[in-house]
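Since we're looking at a predicted model, the values are computed, not measured. The analysis underlying the following values was restricted to heavy atoms, covering all of them including side chains, and did not include hydrogens, waters or symmetry mates. Chain letters run A, B, ... following the sequence lines, proteins first, then strands; residues in each count from 1.
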Number of protein chains: 2
Amino acid sequence: MDTAAEAVRRRGYNGVSLDQIARDVGIQKSSIFYHFSSKSELIAVIFRRFSAQIFSFLDHTAGNESRAGDRLMAYIIETGSFVEEGESICMSIALNIDRESLQAEIVDDLVTFHQTNLAWLTDTFELGLKDGSIADIGNPEEEANACLALVDGAQLVARAHRDSKLYDQATLLLRSRISVSNPD
Amino acid sequence: MDTAAEAVRRRGYNGVSLDQIARDVGIQKSSIFYHFSSKSELIAVIFRRFSAQIFSFLDHTAGNESRAGDRLMAYIIETGSFVEEGESICMSIALNIDRESLQAEIVDDLVTFHQTNLAWLTDTFELGLKDGSIADIGNPEEEANACLALVDGAQLVARAHRDSKLYDQATLLLRSRISVSNPD
DNA sequence: GTCTATAATCCGATAGAC
DNA sequence: GTCTATCGGATTATAGAC
């Protein structure tokens, strides 16, 4: 499943073959069908696992970080980790491109994933309005939408040039609005 | 070629088949090979055509609009036109996802396309520093990188929810920094 | 320049031995 | 639970008639 997840993030749904995944793992592709009934199901399972990991991260961050600036900074760093060496992107982006090849169930999960991220970011910017840890906040919902677009697009830019530093550069202006706490 | 271009923007390189393109056009798929030697060549040609159109737009805009704010606004609107009804995206994004399935030549063209856009945006923000038509500019190169990431990501967000209005919302904060001229 | 027909390959999926 | 073998379908590409 780890191998399949990485393959999807690097080559998209239509770009991966079960044969290639099986070869990377060191088994025969027919063995995959003992664990998953179809390619669709395999992708559905790994996306739900990925989605659950991110939701867990969001809950954990909201529970542990009391300041909006710290929450947002953790989000930007976490999302940047998907870029790796500029060869990969977040799975939801990769699957969204190949959306028309996916079954309706996974497409619904993709929408839910996006909406959950947007709602979390909106809450974060609303908190930022109160605690002042993020500068120049306009409408929280608009900020959340722009922030999600920025971190997604920053992954694309970094991948386009195979350089993870471009993710950091593209998000620099957003990060400069954050006054992080210094817990000692 | 128009049909092929739209198909790539909606389904990605690996998601389109020559048979489907031929059926949409109303010919047989074998007829495609009279005009193009391979699927790779077809995609290379339509991307170069797309790339030339955008480069022409950049030149035209820089020549006709003297204010940085007007140039940037035109760029944001032009890029937003790729979203259509939330079903499509810019061809460079779609091809960049399926990069590992493409021949090296097209990948080079993709990098050139991205760099040209970045350079144009950097020039625009440098002009904006001088003429004051864009507010709160930090480093022009960082602004360009963040701007490109934002408009690319805004297309993804709009497509994720099949709603072109989300592109407008995600770019609203950037557009609010622009003081457009009112030519009368 | 487009057609029919078909070759060659790849892929998802199944059957059955071990 | 993994293997070998294979089916059936889709896809890229070619050959040759018109």
Ignoring hydrogens and angles, are the base of D:dT2 and the side chain of A:Ser30 linked by a donor-acceptor pair under 3.5 Å?
no

Per atom distances to the A:His35 side chain, the nearest of C:dC3, D:dG1, C:dA13 is D:dG1

From the list C:dG12, D:dT4, C:dT4, which nucleotide is the closest neighbour of the side chain of A:Gln28?
D:dT4

Any donor-acceptor pair under 3.5 Å from A:Asp152 side chain to B:Val157 backbone:
no

Between C:dC11, D:dC3, D:dA13, which one does the side chain of B:Lys39 approach most closely?
D:dA13

Output yes when a side-chain donor or acceptor of A:Lys39 lies under 3.5 Å from a complementary backbone atom of A:Tyr13, and no otherwise.
yes

Taking the side chain of B:Ser31 as heavy atoms from C-beta outward, which of D:dG1, C:dC3, D:dT12 is closest to it?
C:dC3

Start with the C-alpha distance between A:Arg162 and B:Val111, add both sets of side-chain angles, then the distance that settles side chain to side chain contact (heavy atoms under 4.5 Å, CB included), and finish with yes or no.
CA-CA 10 Å; A:Arg162 297 173 201 260; B:Val111 174; over 6 Å; no

Test ring-ring contact (aromatic ring centres under 6.0 Å, His included) applied to A:Phe50 and A:Phe82, step by step:
CA-CA 11 Å; A:Phe50 165 80; A:Phe82 300 139; 5.6 Å; yes

Whole-Å distance separating the NZ atom of B:Lys29 from the P atom of D:dA13
11 Å

When the distance from CZ of A:Arg23 to C1' of C:dC11 is rounded to whole Å, what number comes out?
12 Å

Rounded to the nearest angstrom, tell me the gap between atom CD1 in B:Ile27 and atom P in C:dT4.
12 Å

What nucleic acid atoms does A:Ser38 come within less than 4.0 Å of, heavy atoms only: base, sugar-phosphate, or nothing?
sugar-phosphate

If the cut-off is 4.0 Å, is A:Tyr34 near the phosphate of D:dG1, judged by side-chain N/O to OP1 or OP2?
yes

For A:Gln20 and C:dG12, what is the distance between atoms CD and C1' respectively, to the nearest whole Å?
15 Å

Return yes if a side-chain donor-acceptor contact under 3.5 Å exists between A:Ser101 and A:Asn14, otherwise no.
yes

Touch check for A:Val25, heavy atoms < 4.0 angstrom, all strands: base, sugar-phosphate only, or nothing?
nothing

What is the distance from CG of A:Asp19 to P of D:dA5, rounded to the nearest Å?
15 Å

For atom CD1 of A:Ile32 and atom P of D:dC3, their distance in whole Å
10 Å

Distance, rounded to the nearest Å, where A:Leu18 contributes CG and D:dG8 contributes P
20 Å

Can you measure A:Phe36 atom CZ to C:dA13 atom C1' for me and round it to whole angstrom units?
15 Å

